[in-house]
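Quick caveat: nothing in here was measured; it's all calculated off a predicted structure. One-based numbering, in listed order, for ligands and for the atoms of each.
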Amino acid sequence: MRIIIASHNQNKIKEFKELLEHEVVGLSDINYHQEIIEDGESYIENATIKVKALVELFPNDVIIGDDSGFSIKALQHKPGLYSARYMSHLNDYERNLAVIELLKDNEDRKAFFTCAMVLYYQQEYFVTQEVVYGTLPNEVLGNEGFGYDPIFIPNGSNETFAQNPQVKQQISHRAKAIRKIIDHVHYLQD
Ligand code: IMP
């Protein structure tokens, strides 16, 4: 059973490979180089759009699409659905610095990551959405991971996801969603 991850993001594909015991390939591995336009109004819609772009091309594979984002309470849950495009003139490090600077006097440090995941196999869609709650540090901390990892401390930890990728692998929004998806893959196989 081959699993296609509808993403070009190598960091994400690595996270999937670490957690799934099956053959896992990303879009570049199957020579799919088109950009999939994510214009849905929710994470689940966007994850579904990514999967639907592939179902006719790869009817015999399991296809998984995910869409995720980072929500900051003090910014009315921005960047949220627009996380990839937020302050897009800056690189990840500069953007994280800018967010910490923007909120330096704000006592509300609450934030969360969301991950919607859609699995397609043999005309069936399985959908799940998971979150992980935490807080913003006062500075950008750690070099591992990607995106907003250096400015997110999950509840119960005192390090950012970028300082402690082992914790991220256990409890992240994506790890939780993948676990649900794995249950479904096991169901499909048995
Ligand atoms: P995507 O549309 O699911 O690829 O995610 C949108 C954006 O959310 C990414 O470009 C990242 O900036 C951010 N993001 C999603 N997941 C994570 C994560 O696990 N860590 C840090 N940032 C993330």
Side-chain angles (χ1 to χ4, degrees), residues 4-20 26-28 32-54 63-72 75 77-100 102 110-119 127-137 140-155 157 159-181:
I4 300 176
I5 309 298
S7 174
H8 291 289
N9 181 333
Q10 293 306 323
N11 290 294
K12 270 192 196 173
I13 292 162
K14 185 166 164 268
E15 290 182 11
F16 277 99
K17 284 188 173 163
E18 283 165 0
L19 292 162
L20 287 165
L27 291 181
S28 37
Y32 186 98
H33 300 294
Q34 276 162 261
E35 196 198 342
I36 302 172
I37 308 294
E38 303 168 28
D39 55 1
E41 289 177 11
S42 68
Y43 295 110
I44 287 178
E45 272 188 56
N46 280 342
T48 308
I49 288 169
K50 293 177 194 177
V51 171
K52 281 194 169 164
L54 302 177
I63 302 169
I64 296 175
D66 89 317
D67 194 53
S68 36
F70 185 53
S71 300
I72 299 172
L75 297 179
H77 311 298
K78 278 194 262 179
L81 205 55
Y82 306 100
S83 292
R85 284 162 271 172
Y86 188 60
M87 299 187 187
S88 57
H89 57 293
L90 302 178
N91 65 32
D92 281 359
Y93 178 72
E94 292 165 344
R95 184 197 300 128
N96 288 334
L97 275 181
V99 169
I100 294 302
L102 184 66
K110 284 185 181 178
F112 65 95
F113 277 109
T114 305
C115 178
M117 213 168 272
V118 172
L119 176 148
V127 178
T128 186
Q129 181 164 303
E130 295 288 331
V131 296
V132 57
Y133 295 101
T135 53
L136 298 170
V140 178
L141 295 170
N143 303 309
E144 303 289 331
F146 68 100
Y148 301 90
D149 283 346
I151 57 165
F152 181 75
I153 300 174
N155 289 344
S157 173
E159 291 178 306
T160 65
F161 271 170
Q163 289 174 297
N164 198 331
Q166 290 80 14
V167 166
K168 181 178 184 192
Q169 200 186 331
Q170 289 300 315
I171 65 160
S172 81
H173 49 316
R174 193 168 303 101
K176 288 183 189 173
I178 291 177
R179 262 183 241 127
K180 294 267 175 73
I181 290 279

**Message:** Measuring from non-hydrogen atoms of D67 to any atom of ligand 1, is the shortest distance under 4.0 Å?
**Reply:**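 True for this residue.
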**Asked** Looking only at heavy atoms of E15, does any of them come nearer than 4.0 Å to an atom of ligand 1?
**Response**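 It does not, in that no heavy atom of E15 comes within the 4.0 Å cut-off of ligand 1.
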**Item:** Under 3.5 Å: N/O of N9 near N/O of ligand 1
**Value:**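 No; the residue has no nitrogen or oxygen that sits under 3.5 Å from a nitrogen or oxygen of the ligand.
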In terms of residue, atom name and distance, what is the protein heavy atom nearest to [atom]?
atom                    : value
atom 19 (O) of ligand 1 : K168 NZ, 2.8 Å
atom 20 (N) of ligand 1 : D149 OD1, 2.6 Å
atom 8 (O) of ligand 1  : S83 CB, 3.3 Å
atom 16 (N) of ligand 1 : R174 NH2, 2.7 Å
atom 1 (P) of ligand 1  : K12 NZ, 3.2 Å

When you measure from [atom] to each heavy atom in [options], which option holds the nearest one?
atom                    : options              : value
atom 13 (C) of ligand 1 : F70, Y43, F161, Y148 : Y148
atom 10 (O) of ligand 1 : A84, G147, A175      : A84
atom 23 (C) of ligand 1 : Y82, Y86, F113       : F113
atom 6 (C) of ligand 1  : G80, G69, S7, S68    : S68

**Request:** Only one of H173, K12, Q129, K50 passes side chain to side chain donor-acceptor pair (under 3.5 Å) with D66; say which it is.
**Result:**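 Among H173, K12, Q129, K50, the one meeting side chain to side chain donor-acceptor pair (under 3.5 Å) with D66 is K12.
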**Prompt:** Could you give the distance from CG (N46) to OG (S68), rounded to the nearest 0.5 Å?
**Reply:**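 Going from CG on N46 over to OG on S68, the span is 10.0 Å.
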**Asked** Of N164, I100, T160, which is the lone residue that meets side-chain contact (heavy atoms from CB on, under 4.5 Å) with L141?
**Response**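 Result for side-chain contact (heavy atoms from CB on, under 4.5 Å) with L141: T160.
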**Item:** Name of the residue among I171, I151, I153 meeting side-chain contact (heavy atoms from CB on, under 4.5 Å) with F161
**Value:**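 It is I171, the one option of I171, I151, I153 that forms the side-chain contact (heavy atoms from CB on, under 4.5 Å) with F161.
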**Prompt:** Are the side chain of D92 and the backbone N or O of G147 linked by a donor-acceptor pair below 3.5 Å?
**Reply:**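 Yes: the side chain of D92 pairs with the backbone of G147.
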**Message:** For N143, is the CG atom crowded, meaning more than 12 foreign heavy atoms sit under 6.0 Å from it?
**Reply:**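 Open: at most 12 neighbouring heavy atoms sit under 6.0 Å from CG of N143.
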**Message:** Counting only heavy atoms from other residues, nucleotides and ligands, does the tally under 6.0 Å from NZ of K52 exceed 12?
**Reply:**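 Open: at most 12 neighbouring heavy atoms sit under 6.0 Å from NZ of K52.
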**Request:** Examine the proximity of ligand 1 to F146 and report which part, side chain or backbone, both or neither, has a heavy atom under 4.0 Å away.
**Result:**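 Near ligand 1, F146 shows its backbone as well as its side chain.
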**Message:** F113 and ring pair (Phe, Tyr, Trp, His ring centres under 6.0 Å): which single residue from Y43, F146, F70, Y133 fits?
**Reply:**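 Of the listed residues Y43, F146, F70, Y133, the ring pair (Phe, Tyr, Trp, His ring centres under 6.0 Å) partner of F113 is F70.
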**Message:** Using a 4.0 Å cut-off to any heavy atom of E38, which atoms of ligand 1 qualify?
**Reply:**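 By the 4.0 Å cutoff, the relevant atoms are 2 (O).
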**Request:** Could you list which atoms of ligand 1 come closer than 4.0 Å to a heavy atom of H173?
**Result:**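 Atoms satisfying the 4.0 Å criterion: 16 (N), 17 (C), 18 (C), 19 (O).
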**Prompt:** Sequence neighbours excluded, which residues qualify as side-chain hydrogen bond (donor to acceptor under 3.5 Å, both in side chains) partners of D149?
**Reply:**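 So D149 forms a side-chain hydrogen bond (donor to acceptor under 3.5 Å, both in side chains) with K168.
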**salt bridge (charged side-chain N to carboxylate O under 4.0 Å, His left out) partners for K110, two or more places apart** =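 Scan of K110 (salt bridge (charged side-chain N to carboxylate O under 4.0 Å, His left out), adjacent residues dropped) gives none.
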